[in-house]
Every structure is written in C-alpha cells, then in structure tokens.
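Data first, discussion second: the structure below is written as structure tokens.
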Amino acid sequence: MKESTGEKNSQLTLLATILLGLGSMAAIDEIIFHQLLGWHHFVEANSSALALASDGFLHTLELILLVVGGVLLLRLYEKKLYAKGYQSAGFLLGMGGFQLFDGIVTHKIIGLHQVRYVDNLLLYDLAWNVSGLLLLLLGVELLRRAKRRLAANPS
Amino acid sequence: MNAFGLIFSLLAVLYGVGVWHLRRRGQHWPFWRLAIFTLAALAVAIVLSPPLLHWAHHDFRAHMMVHLIAGMVAPLGLVMASPISLALKCVPNAWGRFWVWLVARPWVRLVSHPITATLLNVGAMYVLYMTDMYAWMLETSWLAAWLHWHFVIAGCLFTWAIAGPDPAPQRPSVGLRFGTLFAAMVAHATLAKWMYYFHLPSVVPLKEVQQGTELMFYLGELTEAFLAYRLMRKWVKNAPLLALTNITTY
C-alpha cells in the first residue's frame, strides 16, 4: 500500500513540476529573447494569419501549463504529499524538453521564427539546442537518483 | 461624473451597506471581499469617467487600457466578491426565491452559458476591431456608451460563467468551462496578434495599434490566467486523484 502511494505521489510531483518547467522555460524565452534582447519580434515581418494564431495558442498554453502545474504542486505541498527529489528532476526535464522542442520543432521544422536573425545562425541554433539537451540530461540524472532513493526508502 | 460613475459608486456603497448590515447581525463577511469589490467598482467609475473616456477616444493605447480595466480586471473583483450571495443574505426570502426562479429560466441559462458568454465577450471584440465598427463608434456617441456597458457586463458574465463563486443551479462541468476558457484565451491572444500585423482598426495610427495590442496580448492573457487559477484551485480541492492518495497515505 505504502509503496504504491509513494509511487503515485512521485508521479504526481513529477507531472506538476514538468508542467511548471515547460511553462517557465517558455516564459523565460519570451521575457529574455523577446522583451529584453529583442532578437525576435512580437510578429515577424512575413507572418501568416495561421502562424500568428499559433503564437496565440502557444502563449495561452504556456500560461495554462504554469497555472495547472502550480495549482497541482501547491495542492501536493498542502497535503504534504510531494515526493522529495522529484521536484527539481521534473522541473529540469520540463525546461530542457521545452528548449529542445522549441529549438528543433518550432525553429527548424515548422520554422515559425529563428533564434536570431543573423548570418551565422548555426552557432545560435547549436547553443540553443545543446543547452536544452544539457538541462534534459541533468533532469534525467536527478530522476534516476530520486528513483533510487525511493526504492531504498519507500516511505 | 457620468452614468458609469454614478452607478458604480452606488454599487460600492450598496455593497458596503450590505456588509455593515451582516456585521450588525453578527454574521461574518470576509474583509477582502469588501476591499476587492470597492476597488473594482471605483476602477470602473474612474476609467469610464469623462476625462479618461475623452483620452481613450483619441488614443488607442488609452482605449485598450480602459477596455482591459473595465472589461477584464474589474470584473474579476466585482464577481469574486460574491455580490449576489451578499445581497441574498440581506434581502427578504421572497427575493431569494425570485432569484432562484430567474436563474432557472431557459434564456438566462442560455445567456450565462460559458460558450455564450465567451461569444458575447471575445466575439464582440472581433466584431468591434476587425470591422468598420470601431470607426463608426468614434463618430457615434450612443454606440460608444453602449459598447462600454457591453464590455463591462459581458466581462462580468464571462468571469461568472467560468469561475464565479456565486451559486448557480446546474453549472456546466469543470472540463467544459476550462476548455471554453482556453479557447477564449487563444481567440483573444490571436486577435491581438492579427490586429498588430494587419493594422486593425485601420483608422488608428499603426504605432498606437501596435502598442495597444501588445498591452491586450500580455495583460489580457494574465487576467484570464488568473481565472484559470481560480477554476483549477476549486477543482483540485475535490479531485479524486489527490483525494485517493490522501486516504492511503502515511
């Protein structure tokens, strides 16, 4: 009984923090690269109505992920049900996951916008995706440790 | 002072009298509700006062700020303060029965349904900004006044339909309300981007449209995200997923 509860709590903690990580990275990208550095713009010069609508969708998704993840984690804290060690793992997995998704799918496959509008774009793309991969790998390592700790001490 | 100032100041006074009435009977009513209702009512009275409306008439950024405060932020305060629950505690029972009868009417249920409320709220913005209605409004004072009323009332209706605390019989499910809110947020954000890119309303200088729609995109979405927070928070307290772990734990 206790083991399955511990597993469920760790899954819920992981879910909540992955959602928070995804939303946070999206918000960080938006604040740093859009608002502060101005590398991409509110709308790009040759946009389409559909690309703009997908911007609206992604911005909404970012806020909703933050809200849902935040409410879930708040509830887990209130009930003292959160699993130790899983929070940072989930958060990093979410952040790295978003960064890679943004770098590969949004920038390269769909091509909504680029990291920066310069000649040596490859460097920027590499920095973007490698940093995403590092965050993701760090998250995987933390998750492995948290799982090992839970297995050793199931309560 | 105009009709907005008069009516919303009166509403704030009435709310205060209601709270005073309850306190005198020894009943509790949270202070924060009185505070947010008063602030929200005053905010509407101020942003829809003649000098600010005059400014908003000539500057699209001011128009957008007025619209955001009167139609999105203030309704949060007005609705989350549970004014109907307060009123029902203060009036004779017969009025309460009338209210129950009224909200059970099919047409009231239809108008206060989340999807209808979204169409009245965000749908009306599409009509106002993407057609020539904005230019027409600038020349027609009765239309301008009517639109201000429309956005305050539609904002309250939307807030109440999605996550209002006041009692309502047979509410649509949380899933439907959450989905509707998500769709409304996407529609609102997309409208802001379209207006920015396609230069709508075209009678407004491009620079003003761009700055106004950025406000609409960021601030508007934040107020709706707060609504999502209220709805999720209420739902998660009864969520079977977490309640189950609660029973079996420790």
Side-chain angles (χ1 to χ4, degrees), chain A residues 1-13 15-16 19 23 26-27 30-31 34-35 41-83 112-113 154-155, chain B residues 122 130 163 174 178-200 206 209-250:
Chain A
M1 202 59 160
K2 270 194 171 177
E3 262 183 43
S4 68
T5 307
E7 209 166 276
K8 191 162 192 181
N9 291 347
S10 60
Q11 279 168 4
L12 282 175
T13 309
L15 174 69
L19 296 180
E30 201 162 330
I31 292 166
H34 172 80
Q35 299 284 1
H41 307 106
F42 189 69
V43 301
E44 300 303 343
N46 47 1
S47 271
S48 65
L50 194 65
L52 295 171
S54 75
D55 267 3
F57 175 79
L58 288 174
H59 184 68
T60 302
L61 193 62
E62 163 203 326
L63 288 172
I64 292 294
L65 287 176
L66 280 174
V67 167
V68 174
V71 167
L72 204 53
L73 194 65
L74 187 63
R75 190 64 181 158
L76 288 168
Y77 270 100
E78 271 179 354
K79 292 272 165 190
K80 296 196 166 50
L81 290 175
Y82 64 94
L112 273 184
H113 63 91
S155 70
Chain B
V122 189
M130 296 198 76
V174 169
F178 201 75
T180 310
L181 175 60
F182 193 93
M185 287 174 76
V186 173
H188 188 257
T190 301
L191 177 62
K193 291 250 171 177
W194 283 354
M195 286 162 67
Y196 186 106
Y197 189 69
F198 297 112
H199 187 182
L200 292 165
L206 183 62
V209 168
Q210 292 183 340
Q211 290 173 341
T213 49
E214 284 206 45
L215 276 178
M216 177 179 171
F217 185 81
Y218 290 110
L219 291 183
E221 291 292 287
L222 274 183
T223 60
E224 287 176 305
F226 179 77
L227 215 52
Y229 165 77
R230 291 295 306 178
L231 185 61
M232 273 306 288
R233 190 84 177 115
K234 226 192 282 179
W235 174 77
V236 86
K237 284 185 176 170
N238 308 314
L241 194 69
L242 296 180
L244 193 70
T245 51
N246 194 18
I247 296 162
T248 54
T249 194
Y250 309 119

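Note: hydrogens, waters and symmetry copies are ignored here, and every other heavy atom, side chains too, is used.
Side chains of A/I64 and B/F178 form a contact here, defined as non-hydrogen atoms less than 4.5 Å apart. Using a 4.5 Å heavy-atom threshold, the side chains of A/F57 and B/M185 count as separate.
Among residues 226-233 of chain B, the residues having any heavy atom closer than 4.5 Å to a heavy atom of chain A are, in sequence order, B/A228, B/Y229, B/M232, B/R233.
Of the possible donor and acceptor atoms, none in the side chain of B/W194 sits under 3.5 Å from a partner among the backbone N and O of A/L52.
The OH atom of B/Y218 lies 9.0 Å from the CD1 atom of A/I31; values are rounded to the nearest 0.5 Å.
Both the backbone and the side chain of A/L61 come within contact range of chain B, each with at least one heavy atom under 4.5 Å from a heavy atom of that chain. For B/F182, the parts lying near chain A are the backbone and the side chain together; criterion is any non-hydrogen pair under 4.5 Å.
Other residues, nucleotides and ligands contribute only 12 or fewer heavy atoms inside 6.0 Å of the CG atom of A/L50.
Residues B/A189 and A/G56 come closest through the heavy atom pair CB-CA, 3.7 Å.
Residue pairs that meet the side-chain hydrogen bond (donor to acceptor under 3.5 Å, both in side chains) test with at least one member in residues 60-70 of chain A, sequence neighbours left out, are A/T60-B/E221.
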